Each structure stands twice: as C-alpha cells, then as structure tokens.
Amino acid sequence: MLLPRELLLVLWAGVVAGFRPNHESGGIAPSDFTDTDITEIGVLRAVAWYMERNPLPGKPAMAPGELEFMKPLTPNILFKAYFQADVSANRFTKALKEIIDGNNQVEIYHMDDSSFFFHCEEIGKSIKQLQVLRDSVLSGLKGPVTSAALESARLSAGKALHILQKFYSNTNWIELGNNKPYEYLLNTTRSAFPIASTSKTTCTDCTRESSGQYLCKDNILVDDLLTSGYKLSATCNTKPRGKCGHGGRNDVTQNYPPTGGINKETSDPSLSPHYHLHKKAAELAIQATRDFFVGNGSSFLELVGREIFQRFFNLEGYSLTFAIDTTGSMSNDINQVKDVSLKLLRKYSGSPDAPYNFILVPFNDPDVGPVRITHNVNTFESFISSLRASGGGDCPEMSLTGLKLALQESKPRSKIFIFTDAGAKDASLLDEVKVLIDSSKSEVNAALTGYCSSRKRRSIDEGSPKASDRRYSNLYEELTAYSGGYYVMTTKSQLNQVLGIMELSLNAAPVKVARVRLNGNRFSFPVDGTLTEITVSIKSAGSSGFSMSVLEPSGVQETSTETVINTKSHKVVRVPSVVRHGAWSVTVSPSGSYEVEIGGKSLFDFSYQIMQQQDEYVLPIQGRPVKGSNYTVSLKMMGEAKGAQMQRLVAVSEQGDSLGSITLNQTSDAADNLLAIAPLSFHAATTLLCVEGLSPGGLPFSRISPDPVSTESVKIVPIPGQNGTTTPGGFVEMSVLVVNDGAGASFSFGVWDDLGFLQSFRPKQSVLNPGETVVLTATFLAAVGNGSFASSIATFTARSSSAQNYLKMSITVIPETALEIDDVPPVHRLLDFYMPCVGPIQHQADCSRHVWHMRFSAKDAHSAVMVRISTDPAQLLCQPRSTRDNREVTCHYKANCCSPYAEVLISDENGNTDGFTVDYRQPRPTVAY
C-alpha cells in the first residue's frame with residue numbers, strides 16, 4: 001500500500017542532502033553534493049581512468065579523459081562506451097553500493113567520534129583513522145580474496161572515504177586558497193601542512209543577520225595553519241574560547257563566541273555557514289576520492305595491482321555456475337546439460353559480456369564438490385564430461401549445500417543453474433542461501449526433471465519460516481522467484497526443450513518490462529525505443545495446455561520469435577531483434593488465468609534504495625523491511641536517460657497484481673542523474689517495484705526491478721555506540737536489538753562471521769510478544785597474529801515459524817601500534833638573541849644600517865622539523881645537527897631594524913606546531929603558538 005502523495009514533499013527534503021549523508025529536512029537543494037554523490041562520481045572517475053588505460057583485448061587504449069570526463073558519467077553509459085555494446089553495469093554498481101554503505105555506516109556507528117569527521121581540531125587523529133582504515137582495506141586483500149573479504153574491504157574503504165571527504169567540508173583547507181587535494185592525507189611521505197595548536201585563536205564572531213542566520217565569510221583568523229570547527233560529541237564536549245565552530249542550526253554552540261562556524265556541507269546558509277564554498281569543497285572531495293583509488297604516489301591501484309583492483313570493483317565479470325545433481329538417476333540429464341550448455345557457451349564466448357569464469361559444483365548425498373573453476377570453455381567441457389552419476393539411495397539430495405557453495409564461489413551478479421530431480425535433504429540451509437542471494441544479487445535458475453521429498457510439503461518449501469502470497473510447489477521455485485530467475489519443471493526426455501533459459505541468462509543488459517496476472521486472453525505492454533529484444537513468459541494455472549501469439553503495434557503477428565520454453569503450463573518466446581516500437585500485445589488461447597512476464601534487453605533501467613529515518617539521518621535499511629512500516633524509496637534512472645520522465649511508481653505482487661501507485665515528482669542530483677522518491681509502506685509478503693513514464697524518445701516505458709522486496713514482521717537494528725573494532729588477540733562484544741512487530745512467537749537466533757571469530761552468543765532463543773524486544777549479544781575473538789589487520793562480517797539472524805530477518809555488522813582488527821599518533825609538537829630553544837632596535841631607531845631613515853639577529857634550535861622526537869619565518873624568509877638559515885638526522889636543526893636569522901619583528905613557525909612531519917614571536921618592544925621573544 002502506498003502512502004498519500006501529500007507526504008512526498010515533506011519526505012523529499014529528508015532524502016536529498018548536502019555534502020553529508022541523507023539527513024535533516026529543510027532548505028537543501030537537489031543540486032547539492034551528497035556523500036553518495038561525491039563517492040559515486042569519484043569512484044566512476046577512477047574506474048573510467050583505469051578503463052582508458054586497460055582496454056579490452058584487441059582494442060586500442062583510449063585518449064586520457066575520454067571516459068573519465070564524459071557527460072553524463074553514469075555506470076551504464078561508462079560500460080557501454082568501454083565495451084562498445086549494451087552491457088549492464090549491475091555487477092559494478094553492487095561494489096559501488098557496498099562502498100557507499102560503508103560511507104553511510106560512519107553516521108550510524110561512529111557519529112559520536114569526532115576523529116571520523118575532522119571535528120574539534122582532531123586533525124592528526126582523523127588522518128590516523130583514515131590511514132588505519134586504508135591499511136585495513138589493503139591487509140584484507142592480501143590473503144584469499146573471497147567475496148566476504150571483498151565486501152569487508154569495500155565497507156572499510158567507504159569509511160575511509162567518509163573521513164577523506166569530510167576534510168574538505170569541515171576544515172579550512174578551501175579557505176586557505178588551495179585548489180588541489182591535500183596529498184599528505186593519502187601519502188605521508190609528502191610534507192604535512194602545519195596545524196593550529198590548541199591555544200591558537202582561530203576564529204572571530206560572524207555577523208548575525210535579521211533572519212537570525214550568521215553571515216560567515218571572513219571569520220577565520222589563521223591563514224597559514226590548518227584548523228577545523230568544533231561540534232560537540234562524546235569525544236569532544238566543549239568548544240574552547242577563540243575556536244571556530246562547526247556551525248549551522250544543528251550545532252548547539254553556534255551562538256557561543258566565536259559565533260557561527262565554518263562547515264561547507266551544504267549550500268544552505270542555515271546549515272552551513274560557509275555555504276558559498278560548498279561546490280568547491282565537493283569538487284576537491286571528488287578529486288580526492290578519485291585519487292584514493294588511482295592517484296599518483298600511493299593509490300589503491302598502485303598498492304594492490306590490476307588483478308585485485310578489477311576484483312574489488314567487480315570489473316572481471318560474472319560467473320556462469322552449474323550446480324548439478326550427480327546421483328544415479330541423473331545420467332541422461334547430465335549429458336543433455338553438457339550438449340546444450342557448451343553449444344551456447346561457444347556461441348557467446350566472444351561476446352562483449354561473456355562470463356568471466358565457469359564454475360561446476362556437483363552434489364550428491366552426502367558428498368558435495370569438489371568445486372571446479374576455469375576460464376576456458378574446453379576445460380569446462382572436460383569438467384562436465386568427467387561427472388559420473390552414481391549413488392543416491394533415498395530421494396532428497398544435498399542440493400542446498402551445493403547451491404550455497406555455488407553462491408559463495410561465484411562472482412556477484414552471477415548466473416547460477418541448479419539441475420536435479422529430487423528435493424532438498426538440507427532444507428534447513430534455506431535462510432543462509434537467501435542471505436547469500438541478498439548480498440550477491442546473483443540469479444538462481446532451476447531446471448527439474450522430477451521432484452520427491454522425504455515428507456509432505458507445507459504451504460511453501462521445506463524449512464521456510466513464513467507464509468507467502470503464493471503457493472510454491474517446492475523450495476526451488478521459491479528461490480528462483482526470490483532471486484529473479486527462471487524455474488522449469490519438465491521430464492527427462494524434454495529437458496532439451498527448456499534449456500533455452502541458459503541463453504536468456506547470457507543477456508548482457510537484462511530488464512523486466514511488465515509482470516501481470518492476466519484474466520482473459522490479451523495483454524498489451526509498452527516497447528520503448530531503448531529495447532533491442534523482447535522475451536515473453538506465460539505460465540498457466542491449468543494443465544491442459546495453451547497457445548500464444550506475440551503481436552506488433554500494428555496488430556500483425558510477430559514472425560521472428562524463437563521458442564525458449566515450451567511445456568503445457570509454461571511457454572517462453574524471444575524476439576531477438578525489435579524493429580518496431582510502441583504498444584505490443586500477447587494473446588493466449590483459451591482465455592483464462594495466466595501469469596505474464598515481459599523481459600528484454602536495454603541499458604535504460606532504474607535502481608532503488610529503501611530508506612528509513614535513523615536519528616537525524618535518513619539512511620538505507622539493512623536486512624529486510626518490516627511489513628506495515630513506513631519507508632522512503634529513492635529511485636534513480638540508469639543508462640541514457642536524458643529527456644526521460646518518471647511518472648508513476650507501482651507496487652506489484654509476485655503474481656502481477658497491482659498493489660497501488662503514486663505519482664512521482666522527478667528531479668536530478670548534482671551529477672544530473674534523474675531521481676524521484678516515494679513514501680512507501682509494504683503490506684505484501686513480497687513486492688516488486690515498477691516505474692512507469694516516458695522514455696528518452698517520448699514513448700511510454702515500464703521497468704520492474706528484478707529483485708523482489710521481501711517483508712518480515714521481525715527486524716534487527718544495530719545498537720548505537722558500537723564500532724566493532726578490536727586488536728589482534730582481543731575480544732569484541734557486539735549487540736543488536738531484535739524487535740517483534742508481528743504476533744507473539746518463539747524466536748531462535750543465530751550468529752556467524754566469515755573468519756570464524758565467533759566465540760559465543762546469547763540468548764539462543766526467546767519468546768517475544770507483539771512489540772517486545774530482546775538484545776542479542778555476540779562475543780568475538782580476533783584470532784590473528786600481532787601486527788595484523790583483519791576484517792570480518794558478522795551476520796545476526798532471528799527466526800520464528802512465520803518470520804525471519806538478518807543484519808550484518810563489520811568487525812575490524814587493528815594493531816595497537818597502528819592507532820598510535822604523534823600529537824606532540826616540536827620544541828625550540830633560544831640560543832642567542834640581539835635586539836638593538838629600541839627607541840626611535842626603527843623610524844630613522846638609516847634603520848637599514850642597524851641589524852638584529854637570533855639563533856635558536858628546534859627539534860622533534862619522532863620526525864623531521866620544518867621552520868618558517870616572516871617577514872623575510874630569505875634571511876633564515878637552518879642546518880641539521882647531523883647529516884643523517886634532521887629531527888633537530890639549528891637556525892640563524894637576521895634582519896635590519898626597518899623590520900624589527902618576526903613570527904617563527906616550527907612544525908613536524910605530522911603537522912604539529914610550535915613557535916614564537918619576536919617584537920622590538922619585547923626584551924625577549926614571546927610564545928605565540
């Protein structure tokens with residue numbers, strides 16, 4: 001059920017935000033750069049730069065900037081330009097989403113730690129946090145690069161980017177006149193910019209206007225030191241007098257001297273006192289994000305190499321994976337699968353988006369595996385040819401163990417096919433398999449030549465804890481529907497006739513156009529100008545058979561259709577080349593009840609995120625939405641969408657019944673992507689989201705997301721104030737809150753993590769009445785060597801007989817030495833001082849004949865020192881105490897009495913500063929810094 005249209009504008013302001021995560025309402029222009037915008041644009045530029053220099057085999061390298069500075073630069077447009085064909089960027093966007101999720105998680109898990117935001121002049125601590133997180137990313141990719149390791153690395157990278165990007169919105173780097181990113185943040189071999197000491201006055205009051213807002217343009221007093229604004233948190237509980245504030249109406253100290261602040265997070269003056277610098281700060285943050293991955297010096301690409309870079313961004317491609325039952329009854333099936341699949345693989349092996357690798361997972365009873373992986377079609381043929389059907393005994397097999405292994409070994413967004421003639425003996429793994437499908441977004445397809453189970457079926461598959469809107473014949477049908485794949489049940493003699501579903505899976509840019517329950521004999525659907533092929537799938541509730549025809553807009557029957565599946569109850573045909581566009585139709589005979597699904601090939605599609613208010617922020621949810629709760633869905637068009645119009649959002653049931661619609665207010669983000677939002681409340685067990693409107697060519701279009709939204713009546717939420725960080729050999733305790741929004745039930749809980757750190761969790765089960773909650777706490781032991789970084793992802797689950805949900809949290813292991821920061825400033829000692837410039841001398845015409853001088857030493861315990869002086873730097877001479885150690889220097893300075901004053905600034909390699917001033921009116925230099 002969709003919420004009223006009147007709520008749109010109210011919720012819109014809470015979804016679109018400035019140079020920070022989606023957050024508080026009011027005044028924020030859609031053209032402002034959000035953290036998501038900055039991350040997405042920066043990552044896209046990095047990947048485009050990489051593609052320019054790493055062309056496809058047989059293709060010449062592209063000119064520098066040819067891809068990086070395309071406008072618009074979107075994932076699908078980038079992939080089309082690189083592959084020179086319609087190739088969807090879905091696998092890349094999954095990696096990008098995980099990086100963005102890590103960025104957003106800082107606002108959930110670290111919002112009270114000022115070092116993640118450069119607040120409160122914690123510049124040294126923030127830089128150390130950034131470097132520690134980047135080291136964690138790099139360390140996690142040195143061992144076996146599993147899917148879990150990649151997900152952990154992307155989350156950590158997102159957190160590191162959050163800190164990196166906040167430097168430009170929350171410090172005075174922009175106000176200092178800098179037009180390039182601060183190189184020291186990512187490369188500590190470069191010199192650090194000196195940082196204002198805690199005693200240095202950095203700001204003055206802003207002017208308060210009649211509206212109550214502050215006008216803050218020249219309120220920063222330092223022009224040669226780094227500083228940042230103070231914002232109160234658990235780690236920063238006061239704003240010292242004379243220090244800059246963060247500013248904005250959400251800064252409780254903005255009315256205390258110095259009033260106002262310096263943040264540039266948005267272009268709204270009520271939120272960002274330096275709003276006029278928002279765009280410039282965002283542009284530098286984008287460049288710094290790009291440099292994080294491919295910049296000169298110590299970029300991610302230089303440190304991990306091309307192979308890991310490609311895997312990190314899912315640029316390698318997808319896996320084509322077969323999980324095959326090898327029990328005795330499958331001999332004929334295996335031969336048919338081999339013949340058809342190899343013919344198709346050879347046909348598509350030279351396509352722009354051919355599978356990256358081929359994976360075979362045989363399963364029997366009780367044995368599963370071994371997994372066989374290859375990049376070569378001929379080798380894959382030998383893998384399948386070597387399969388021998390034997391054993392079995394009882395009917396059900398270990399099919400879900402095989403499918404779980406297939407999902408774990410496959411690349412994200414892969415195509416997985418399971419072939420069997422039996423039920424699942426290990427149906428208890430269903431929850432874990434669904435979580436893997438959720439995280440990998442892979443498509444599971446099933447071809448069955450029989451089905452048998454050791455016990456009577458329930459309303460849906462074995463082990464499934466909840467009722468659905470539809471009655472599945474078995475768990476394979478439910479899993480394929482859950483992942484957006486195909487399910488077919490046929491006989492062994494007719495298996496060849498349904499294996500065309502494999503060819504459909506090799507579509508490089510799949511989209512779903514419509515899904516409907518047809519009660520009658522005719523259904524019309526829009527074919528817009530971006531569709532280059534069409535597939536029509538029809539399922540009948542009866543078993544007596546039916547016929548179908550596909551009609552062009554003129555009403556003439558399309559004659560170029562290819563039959564993919566042809567059974568009594570299920571038919572799929574494909575139109576391989578669409579010539580005419582407009583309103584097409586499909587007719588069926590006899591008239592009756594049918595499930596119709598229209599698919600096709602196009603880069604013009606949409607993506608979505610389900611958002612919910614979390615404290616002051618509106619952020620993407622984790623796990624599955626709760627039935628009946630209110631959410632905000634953020635929609636973005638992908639591909640060449642300029643000129644398109646998103647007009648309606650339609651919620652559709654699994655069977656194709658409309659659950660309601662809402663008119664969309666379209667806008668665009670800072671990168672000119674078409675956006676719309678809709679308030680949404682999910683009431684069906686499973687919902688498909690459909691966007692309707694006008695395509696770039698002005699024709700009606702319809703797109704349905706391939707990923708169904710499954711709702712639950714239980715939710716798991718993180719408890720604030722936990723960061724999941726520990727040291728090697730240390731324990732970390734993590735807790736989540738389980739909330740029962742449904743009927744009273746007995747819940748069982750589960751916890752696991754990818755590196756096996758879990759020691760224990762409690763409780764194992766609990767009875768929860770409606771609205772009741774329980775805290776689920778797990779203890780993990782970081783069993784890694786001293787000095788080692790590591791990352792693992794913990795999964796918490798809650799399950800009753802009618803509900804289930806999950807939540808993922810990251811665990812980061814950081815060596816104690818990595819957390820040490822040098823925040824001790826250098827020291828100086830005056831060795832010799834002579835100041836004759838007293839009385840009227842400095843005013844005399846011959847003041848240049850009189851000279852004053854001083855000699856001083858400066859040293860630091862940890863790093864080299866650098867000395868700057870005003871007003872005549874040319875007269876300063878510093879020499880290290882020894883040729884091999886410049887941590888201590890001796891300096892001599894002289895000047896005439898026309899300039900009887902100087903400021904000395906001493907800094908170390910980490911930006912810590914010391915200093916003093918010289919003035920003819922003072923008998924000795926005085927401390928100023």
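The structure presented is a predicted model; accordingly, all values stated were derived computationally and were not measured.
With sequence neighbours excluded, no residue forms a salt bridge (Lys or Arg N to Asp or Glu O under 4.0 Å) with D754. Partners of K125 under the salt bridge (Lys or Arg N to Asp or Glu O under 4.0 Å) rule, at least two apart in sequence or in another chain, are E122. Among residues two or more places apart in sequence or in another chain, the side chain to side chain contact (heavy atoms under 4.5 Å, CB included) test is passed with F313 by V43, V47, F92, I99, F293, F309, L315. E283 pairs by the salt bridge (Lys or Arg N to Asp or Glu O under 4.0 Å) definition with nothing, not counting sequence neighbours. For S810, the side chain to side chain contact (heavy atoms under 4.5 Å, CB included) partners two or more places apart in sequence, or in a different chain, are Q105, L155, K159. Listed by chain and residue number, nothing satisfies the salt bridge (Lys or Arg N to Asp or Glu O under 4.0 Å) test with K859 (two or more places apart in sequence, or in another chain). Listed by chain and number, the residues in a side chain to side chain donor-acceptor pair (under 3.5 Å) with S152 amount to none (sequence neighbours excluded). Applying the ring-ring contact (aromatic ring centres under 6.0 Å, His included) rule to F118 yields the partners F167; only residues at least two apart in sequence or on another chain are considered. With sequence neighbours left out, I719 forms a side chain to side chain contact (heavy atoms under 4.5 Å, CB included) with Q722, S735, L737, V775. Not counting sequence neighbours, the partners of A790 by the side chain to side chain contact (heavy atoms under 4.5 Å, CB included) test are L755, F757, V784, V813.
In this structure, the side chain of T146 engages the main chain of A149 through a donor-acceptor pair within 3.5 Å. Side-chain atoms of D908 come within 3.5 Å of backbone atoms of N910 as a donor-acceptor pair (strictly under, hydrogens ignored). N170 places no side-chain N or O within 3.5 Å of a backbone atom of S228 that could act as its donor or acceptor partner.
Side-chain contact between E409 and I373 is present, with at least one heavy-atom pair separated by less than 4.5 Å. Contact of the R887 side chain with the R881 side chain is not registered, since no non-hydrogen atoms from C-beta on lie closer than 4.5 Å.
T39 approaches T289 most closely through the heavy-atom pair O-CG2, 4.2 Å. The two atoms that bring G295 and E302 nearest to each other are O-OE1, 3.6 Å, heavy atoms only.
Annotation: the span from S298 atom OG to E183 atom CD amounts to 9.5 Å, rounded to 0.5 Å.
Side-chain contact, N263 with S272: a donor N or O sits under 3.5 Å from an acceptor N or O. With no hydrogens or angles considered, a side-chain donor-acceptor pair links D438 and Y806 at under 3.5 Å. A side-chain N or O of N103 and one of Q165 form a donor-acceptor pair less than 3.5 Å apart. Side-chain contact of E107 with H162: a donor-acceptor pair under 3.5 Å is present, judged by distance alone. Side chains of S907 and T913: a donor-acceptor N/O pair is absent below 3.5 angstrom, by distance only.
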Criterion side-chain hydrogen bond (donor to acceptor under 3.5 Å, both in side chains) on S136 and S791, from CA distance to verdict = CA-CA 7 Å; S136 176; S791 294; 3.2 Å; yes
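Classified by interplanar angle (parallel below 30°, tilted 30° to 60°, perpendicular above 60°), the ring pair Y184/Y182 is tilted. Note: H278 and F33 have tilted aromatic rings, judged against thresholds of 30 and 60 degrees for the angle between ring planes.
For residues 98-145, the disulfide bond (SG atoms under 2.5 Å apart) pairs, not counting sequence neighbours, are C120-C236. Identified under the salt bridge (Lys or Arg N to Asp or Glu O under 4.0 Å) test for residues 131-145, with sequence neighbours left out: none.
Under the side chain to side chain contact (heavy atoms under 4.5 Å, CB included) rule, Y168 has a single partner from L185, I38, L277, which is L185. Among R311, K411, Q310, E316, the single residue meeting the side-chain hydrogen bond (donor to acceptor under 3.5 Å, both in side chains) criterion with Y356 is E316. A salt bridge (charged side-chain N to carboxylate O under 4.0 Å, His left out) with E40 is found for exactly one of K636, K97, R45, namely K636. Partner L905 forms a side chain to side chain contact (heavy atoms under 4.5 Å, CB included) with one of D914, L225, V867 and no other, that one being L225.
With salt bridges taken as basic N to acidic carboxylate O contacts below 4.0 Å, none links E98 and R91.
The environment of CD in E816 is sparse: at most 12 heavy-atom neighbours from other residues, nucleotides or ligands sit within 6.0 Å.
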